[in-house]
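Everything on this sheet refers to the single structure shown next.
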Amino acid sequence: MEDKTYAADIDSITRAHALIKPYVHRTPVMSSETLNSIAGKNLFFKCECFQKGGAFKFRGASNAIFSLDKEQAAKGVVTHSSGNHAAALALAAKLRGIPAYIVIPKNAPKCKIENVKRHGGQIIWSEANVQSREEVAGKVLHETGATLVHPYNDGRIISGQGTLSLEFLDQVPQLDTLIVPISGGGLISGVAIGAKSINPTIRILAAEPTGADDAAQSKASGRIITLAQTNTIADGLRASLGDLTWPIVRDLVDDIITVKDTEIIEAMRYCYEVLKVAVEPSGAIGLAAVLSNNFKQNPLYKVSRNIGIVLSGGNVDLGVLWKSLNN
């Protein structure tokens, strides 16, 4: 774990933890005997759906924003994101009293756009493709001199997300396995580095939708694979790995469990009906992975007893939720 070639390490995560402590919630861990008996495992749910802004993204955003020097900060920050990172960055910027310019594709979920507005982010619209998002963001950067804060491919973001693992292992030291959603890889990269620094034998598993399984394909082929298109209800899990997150995922993530959208929806139902917690599809995928046949057939299944599951966010469009539950 002494490898300094990664974009983050245990020192940068520990520094982030101290820096953002006054701003972030130390989120609760929940468990349920009902779900334990369904899974046949001891499950511990880290409820980042109760984080400020409704998702873990506030950790990384706070670290990025509060580590800017005064001069940089005054010019504000810019990002292109359709989701939780946008709201988190807007909220962290508001706390520091600096502008946040948020480039959002026109097809973003309504609840996530409202979330950005609620936190005072200045929205600039783009088309619904990465090229347009990046071009518009580039233009804003040029005009404002603001600092770009990428949703996941940024050492400050990875270190901030890693603070979650310091809390989780403090709350539940007996965890032997962590299951974390994967998309761009910012969360799982930070969590893997943090958790394996504390407990080198802990297993880190990624949960990924079959309709956006670029990380699983990348892991299998040993290089970054990007998909031309994705098809999943989990709108927060459609991004591809970045050049900073990929080496960490390649080296420190023990395996990737892919699950179908029907399994994600079933897991959401359990979260609502049993845990009484509002999660978005991307947030429920860890539970979906634990209950999946893919996991039961995995050699790591037998040795995983105390499993930590990150409920990564709770920003769900209720209209979309009802539709998906009824289909």
Side-chain angles (χ1 to χ4, degrees), residues 48-49 54-57 80-87 104-113 115 127-130 133 151-153 179-189 205-221 224-242 245-246 249 253 255-272 278-295 298 309-327:
E48 286 295 294
C49 42
F56 74 91
K57 296 273 189 183
H80 51 88
S81 160
S82 56
N84 292 326
H85 172 69
I104 297 189
K106 289 172 180 158
N107 68 339
K110 209 166 126 205
C111 67
K112 297 193 175 178
I113 296 167
N115 227 352
E127 296 308 315
N129 60 67
V130 175
R133 277 161 60 163
Y152 51 87
N153 205 42
I179 301 199
V180 186
I182 192 165
S183 179
L187 174 62
I188 200 166
S189 293
L205 300 176
E208 186 171 51
T210 48
D213 66 344
D214 56 294
Q217 290 187 35
S218 301
K219 198 99 166 113
S221 63
I224 296 189
I225 303 279
T226 51
L227 305 176
Q229 60 200 90
T230 56
N231 181 15
T232 174
I233 188 175
D235 61 275
L237 301 180
R238 294 172 185 156
S240 304
L241 295 167
T245 55
W246 160 242
V249 170
V253 172
D255 212 344
I256 298 181
I257 296 158
T258 54
V259 293
K260 299 195 279 288
D261 273 14
T262 48
E263 296 174 295
I264 294 175
I265 292 164
E266 178 73 0
M268 279 177 88
R269 190 187 284 278
Y270 279 130
C271 288
Y272 281 76
V279 295
E280 59 191 273
S282 312
I285 195 170
L287 176 58
V290 164
L291 301 175
S292 71
N293 284 330
N294 270 355
F295 183 45
N298 191 296
I309 296 172
V310 180
L311 299 180
S312 52
N315 295 322
V316 63
D317 234 321
L318 277 183
V320 175
L321 172 65
W322 298 143
K323 245 200 312 231
S324 61
L325 288 178
N326 289 327
N327 277 347

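All values below come from the heavy atoms of this structure, side chains included, with hydrogens, waters and symmetry mates left out.
Without hydrogens or angle criteria, Asp317 side chain to Lys110 main chain gives a donor-acceptor distance under 3.5 Å. In this structure a side-chain-to-backbone donor-acceptor pair under 3.5 Å is present from Ser218 to Ile225. A side-chain donor-acceptor contact under 3.5 Å links Asn294 to the backbone of Thr258. Using a distance-only test at 3.5 Å, with no hydrogens or angles considered, no donor-acceptor pair links the side chain of Arg238 to the main chain of Ala212. Side-chain atoms of Ser183 come within 3.5 Å of backbone N or O of Ala239 as a donor-acceptor pair. With hydrogens and angles ignored, the 3.5 Å screen pairs no side-chain donor or acceptor of Lys260 with any backbone N or O of Thr210. Glu208 contributes no side-chain N or O that, together with a main-chain N or O of Ile256, makes up a donor-acceptor pair within less than 3.5 Å.
Between Thr245 and Gly186, the shortest heavy-atom distance links the atoms CG2-N, 3.7 Å. Between Leu187 and Pro181, the shortest heavy-atom distance links the atoms CD2-CD, 4.1 Å. Considering every non-hydrogen atom in both Ser312 and Glu48, the closest pair reads O-CB, 3.6 Å. Pairing each heavy atom of Ala234 with each of Pro281, the nearest pair is CA-CB, 3.8 Å. In terms of heavy-atom proximity, Leu241 sits nearest to Ile224 at O-CD1, 4.0 Å. Met268 and Glu280 get closest at one heavy-atom pair: CE-C, 4.0 Å.
A distance of 4.5 Å separates CZ in Phe295 from CD1 in Ile179, rounded to the nearest 0.5 Å. In this structure, CD1 in Ile257 is found 11.5 Å from CG in Asn293, a value given to the nearest 0.5 Å. Note that CD1 of Ile182 is 11.0 Å distant from CG of Asp213, once rounded to the nearest 0.5 Å. In this structure, CG on Leu237 lies 5.0 Å from CD1 on Ile285, to the nearest 0.5 angstrom. Distance CD1/Ile233 to CD1/Ile264: 7.5 Å, rounded to 0.5 Å. A distance of 12.5 Å separates OG of Ser240 from CH2 of Trp246, quoted to the nearest 0.5 Å.
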Step-by-step side chain to side chain contact (heavy atoms under 4.5 Å, CB included) determination, Val310 to Phe56: CA-CA 9 Å; Val310 180; Phe56 74 91; 5.6 Å; no
Residues Glu266, Leu291; criterion side chain to side chain contact (heavy atoms under 4.5 Å, CB included); working and verdict: CA-CA 10 Å; Glu266 178 73 0; Leu291 301 175; 5.8 Å; no
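The environment of CG in Asn231 is sparse: at most 12 heavy-atom neighbours from other residues, nucleotides or ligands sit within 6.0 Å.
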